[in-house]
> 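My questions will all concern the structure given below.
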Amino acid sequence: MDVSSASFIPRRVSGAEEARQVMAREGAAIVTGLADEAAAVAFGAQVMGDRSVRIGTQFEATKANNRAEAMVVDAQPADKHGRKRDFGTSEERMIAHNDGFAFGDYAPDHLFLWCERPAAVGGDSFLIDTARLLDLLAADPEHADLADFCRTVDIDHSEPNYPQGTFAPIARRTPSGRHQGRFHPWQAPVEGTAHEAEHWAFVRRWESAVVAARDTGPMFRVEAGEMMCVDNYRVLHGRDGHSDPSRKVCSIWGWSTDAVAIPDGPLDIVVPRIPMAS
Ligand SMILES: [Fe+2]
């Protein structure tokens, strides 16, 4: 089936108020003219407005940082199923994901991707609206069962060796009323349940739908000084491969009062321990 329309090019907007409105309606927006990282963080806080609780730069996505983090992750052991974390390389097209997926309920509900310098060639961005993707699946007789699974059956969203201790469906309505639809490479059925094998088939089909949306939908270039404002609960993101050591994008994570859970301090994606519930 054709799921390409779940991928979208965000509209360019001017000002934090318009960004907030377009994000709420469409899942993401792009703003321009942000000269430095401090301006980008300040703009993100304005977009969240009165609901802002916590915001900060999570990491700088550069080829050097990617390689350094990937080396630490490479040294981590596989889990008992042989599953091994892997940050990939800049040259590969990214797996679509919500940022902070390792942290479960503590993942940021807002994501701001500020581009200091795009890759000379490649590195185009993609966004996938999971609300739209699930609606497309639900409307297709062959895939309605997949949409139903995604909306109703708890799965395990943990990364190998970093259990979250909680289970949730792939898509849900959060207590604050937001749509949350998740994808990342480590989604798995809850271990030891009677329908584990059957659930694996659904998890794999969800993966195929996300990959199809990514690979058949549009991609777009984000220029220097531009920032994508993304509803990180609803929208998956990623970029195409590139090999430019000068490319630099800052990933800024924001938690608003809408977030399911808010960490007390910075989160470490290299060693993703789940914050203690307080
Ligand atoms: Fe990301």
> For a quick test of reading the model, state the closest non-hydrogen atom pair linking R239 to G123 and the distance between them.
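Looks like CB-O, 3.8 Å.
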> If you link I, L, V, M, F, W and Y whenever their side-chain heavy atoms are under 4.5 Å apart, who else ends up in the same group as F112?
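Noted: F112 shares its cluster with V13, V22, M23, V31, L34, V41, F43, V47, M48, I55, W114, M227, I252.
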> Who passes ring-ring contact (aromatic ring centres under 6.0 Å, His included) against H143, sequence neighbours left out?
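Testing H143 for ring-ring contact (aromatic ring centres under 6.0 Å, His included), a comparison that skips the adjacent residues, returns none.
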> Spell out, as yes or no, whether a donor-acceptor pair under 3.5 Å connects the side chain of N98 to the backbone of G181.
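Checking the backbone N and O of G181 against the side chain of N98, a donor-acceptor pair under 3.5 Å is found.
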> Please check if the side chain of Q187 supplies one atom and the backbone of V203 the other of a donor-acceptor pair under 3.5 Å.
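No.
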> Give the minimum heavy-atom separation between P272 and A102, together with the two atoms involved.
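In terms of heavy atoms, the two residues are closest at CB-CB, 3.5 Å.
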> Which heavy atom of E37 sits nearest to which heavy atom of C250, and what is that distance?
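Looking at all heavy atoms of both residues, the closest pair is OE1-SG, 3.6 Å.
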> Do I95 and L127 belong together in a cluster built from hydrophobic side chains that touch within less than 4.5 Å?
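No, I95 does not connect to L127 through the hydrophobic network.
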> Quick one: NE2 on H97 to CG on N232, what's the gap to the nearest 0.5 Å?
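If we round to the nearest 0.5 Å, H97:NE2 and N232:CG are 8.0 Å apart.
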> Between Q58 and D268, what is the shortest heavy-atom contact and its length?
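Closest approach of Q58 to D268: NE2-N, 4.4 Å.
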> The criterion is side-chain hydrogen bond (donor to acceptor under 3.5 Å, both in side chains); which residues satisfy it with D105, sequence neighbours excluded?
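Applying side-chain hydrogen bond (donor to acceptor under 3.5 Å, both in side chains) to D105 gives R172.
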> If you compare all heavy atoms of A209 against all heavy atoms of V3, which two are closest, and at what distance to 0.1 Å?
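Smallest interatomic distance, heavy atoms only, reads O-CG2, 3.8 Å.
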> Can you give me the closest heavy-atom contact between G88 and A70, atom names plus distance?
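Minimum heavy-atom separation between G88 and A70: O-CB, 4.2 Å.
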> Hey, could you give me each pair passing side chain to side chain donor-acceptor pair (under 3.5 Å) that has a residue in residues 38-53? Not counting sequence neighbours.
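For residues 38-53, and leaving out neighbouring residues, the side chain to side chain donor-acceptor pair (under 3.5 Å) pairs sorted by first residue read R51-D258.
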> Do F87 and V72 sit in the same hydrophobic cluster, where Ile, Leu, Val, Met, Phe, Trp and Tyr count as joined when their side-chain heavy atoms come under 4.5 Å apart?
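Linked within one cluster.
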> Go through it in stages, so that I can follow the logic: the residues are R205 and L137, the test is side-chain contact (heavy atoms from CB on, under 4.5 Å), and I'd like the CA-CA distance, side-chain angles, deciding distance and then a yes or no.
CA-CA 11 Å; R205 285 173 62 197; L137 294 171; over 6 Å; no
> Between atom CE of M94 and atom NE2 of H237, what is the distance when rounded to the nearest 0.5 Å?
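The distance works out to 6.5 Å.
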> Can you name the residues that form a salt bridge (charged side-chain N to carboxylate O under 4.0 Å, His left out) with R247, not counting sequence neighbours?
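Salt bridge (charged side-chain N to carboxylate O under 4.0 Å, His left out) list for R247, sorted by chain: empty.
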> So, using side-chain contact (heavy atoms from CB on, under 4.5 Å) as the criterion, who are the partners of P169 when residues are at least two apart?
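Checked P169 against side-chain contact (heavy atoms from CB on, under 4.5 Å); matches are D154.
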> With sequence neighbours excluded, tell me which residues meet side-chain contact (heavy atoms from CB on, under 4.5 Å) with N65.
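N65: side-chain contact (heavy atoms from CB on, under 4.5 Å) contacts with E60, T62.
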> Side-chain heavy atoms under 4.5 angstrom apart, residues restricted to Ile, Leu, Val, Met, Phe, Trp, Tyr: same cluster for V249 and M228?
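Yes, because V249 and M228 connect within a single hydrophobic cluster, where side-chain heavy atoms sit under 4.5 Å apart.
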> C150: what forms a side-chain contact (heavy atoms from CB on, under 4.5 Å) with it, not counting sequence neighbours?
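Partners of C150 by the side-chain contact (heavy atoms from CB on, under 4.5 Å) criterion, ordered by chain and then number, come out as L134, L146, I170, W206.
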> Do NZ/NE/NH1/NH2 and the carboxylate oxygens of E26 and R132 come within less than 4.0 Å?
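Salt bridge flag = no for R132 with E26.
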> Answer yes when D135 and R151 have at least one side-chain N-carboxylate O distance shorter than 4.0 Å, and no when they do not.
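Counted as a salt bridge, because a side-chain N and a carboxylate O are separated by less than 4.0 Å.
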> Applying ring-ring contact (aromatic ring centres under 6.0 Å, His included), can you list everything that pairs with F149, at least two apart in sequence or on another chain?
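F149 satisfies ring-ring contact (aromatic ring centres under 6.0 Å, His included) with H199, F202 once adjacent residues are dropped.
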> I want to check something: taking the side chain as every heavy atom from C-beta on, are P189 and I155 in contact at a cut-off of under 4.5 Å?
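Side-chain contact under 4.5 Å: no.
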> Can you get from V211 to L236 by hopping between Ile, Leu, Val, Met, Phe, Trp and Tyr side chains that sit under 4.5 Å apart?
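No, separate clusters.
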> Answer yes or no: is there a donor N or O on one side and an acceptor on the other, between the side chain of Q76 and the main chain of V270, under 3.5 Å?
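Here the side-chain-to-backbone pair exists.
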> Tell me if the CZ atom of R25 is crowded by more than 12 foreign heavy atoms within 6.0 Å.
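Result for CZ/R25: enclosed.
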> Would you call K80 and E191 a salt bridge, taking side-chain N to carboxylate O under 4.0 Å as the test?
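Yes, this pair counts.
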> Just by modelled atom types, is the A119 backbone N or O under 3.5 Å from a matching donor or acceptor in the R221 side chain?
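Present.
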> Does the distance from a Lys or Arg side-chain N to an Asp or Glu carboxylate O, for K63 and D244, drop under 4.0 Å?
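Not counted as a salt bridge, because no side-chain N and carboxylate O are separated by less than 4.0 Å.
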> Please check if the side chain of R83 supplies one atom and the backbone of E159 the other of a donor-acceptor pair under 3.5 Å.
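Looks like no, no N/O pair under 3.5 Å.
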> With side-chain contact (heavy atoms from CB on, under 4.5 Å) as the criterion, how do W186 and D156 come out once you've worked through the C-alpha distance, each side chain's angles and the decisive distance to 0.1 Å?
CA-CA 8 Å; W186 307 113; D156 188 347; over 6 Å; no
> Could you give me the CA-CA distance, side-chain angles and deciding distance for F103 and W253, then say whether side-chain contact (heavy atoms from CB on, under 4.5 Å) is met?
CA-CA 13 Å; F103 303 102; W253 289 4; 4.1 Å; yes
> Please say whether more than 12 non-hydrogen atoms of neighbouring residues, nucleotides or ligands are located less than 6.0 Å from CD in E223.
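For E223, atom CD is crowded (more than 12 foreign heavy atoms under 6.0 Å).
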> According to ring-ring contact (aromatic ring centres under 6.0 Å, His included), who are the partners of H242, at least two apart in sequence or on a separate chain?
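So H242 forms no ring-ring contact (aromatic ring centres under 6.0 Å, His included) with any residue.
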> Kindly check if the number of other-residue, nucleotide or ligand heavy atoms within 6.0 Å of CD1 (I9) is above 12?
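Enclosed: over 12 neighbouring heavy atoms sit under 6.0 Å from CD1 of I9.
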> Any donor and acceptor pair, going by atom type alone, linking the side chain of S7 with main-chain N or O of P218 inside 3.5 Å?
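Side chain of S7 to backbone of P218, a donor-acceptor pair under 3.5 Å: no, none is there.
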> Salt bridge (charged side-chain N to carboxylate O under 4.0 Å, His left out) with D240: which residues, sequence neighbours excluded?
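Counting only residues at least two positions away or on another chain, D240 forms a salt bridge (charged side-chain N to carboxylate O under 4.0 Å, His left out) with R93.
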> Is it true that atom CE of M1 has more than 12 heavy atoms of other residues, nucleotides or ligands lying nearer than 6.0 Å?
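More than 12 heavy atoms, drawn from other residues, nucleotides or ligands, come within 6.0 Å of this atom.
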> Heavy-atom count around R117 CZ within 6.0 Å, excluding the residue itself: above 12?
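Incorrect, the count does not exceed 12.
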> Tell me whether V271 shares a hydrophobic cluster with I269, the cluster being built from Ile, Leu, Val, Met, Phe, Trp, Tyr side chains joined at under 4.5 Å.
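V271 clusters together with I269.
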> Using side-chain heavy atoms (C-beta onward) and a distance below 4.5 Å, is P77 in contact with N161?
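Yes; the side chains approach each other to less than 4.5 Å.
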> On the 0 to 90° scale, with breaks at 30° and 60°, tag the F101-H184 ring pair as parallel, tilted or perpendicular.
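Geometry flag for H184 against F101: parallel rings.
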> Would you compute the distance between atom OG1 of T130 and atom CD of Q180 and round it to the nearest 0.5 angstrom?
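Reported value, rounded in 0.5 Å steps: 8.5 Å.
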> For the pair F8 and V235, evaluate side-chain contact (heavy atoms from CB on, under 4.5 Å) and give the outcome as yes or no after the intermediate values.
CA-CA 10 Å; F8 66 104; V235 173; 4.1 Å; yes
> Taking atom CZ of R20 and atom OG of S256, what is their separation to the nearest 0.5 Å?
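If I round to the nearest 0.5 Å, the distance is 11.0 Å.
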> Enter the distance from E226:CD to C115:SG here, rounded to the nearest 0.5 Å.
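Reported value, rounded in 0.5 Å steps: 7.5 Å.
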> By the rule that ILVMFWY residues connect when side-chain heavy atoms come within less than 4.5 angstrom, directly or transitively, which residues belong alongside Y233?
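Cluster partners of Y233: V260.
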> Distance-only, no hydrogens or angles: does the W255 side chain make a donor-acceptor pair with backbone N or O of Y106 under 3.5 Å?
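A pair under 3.5 Å: yes.
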> For a 4.5 angstrom cut-off between non-hydrogen side-chain atoms, does P118 reach V222?
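No, their side chains stay 4.5 Å or more apart.
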> What's the separation between atom CG in D129 and atom CG in L136, rounded to the nearest 0.5 Å?
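Result: 9.0 Å between the selected atoms.
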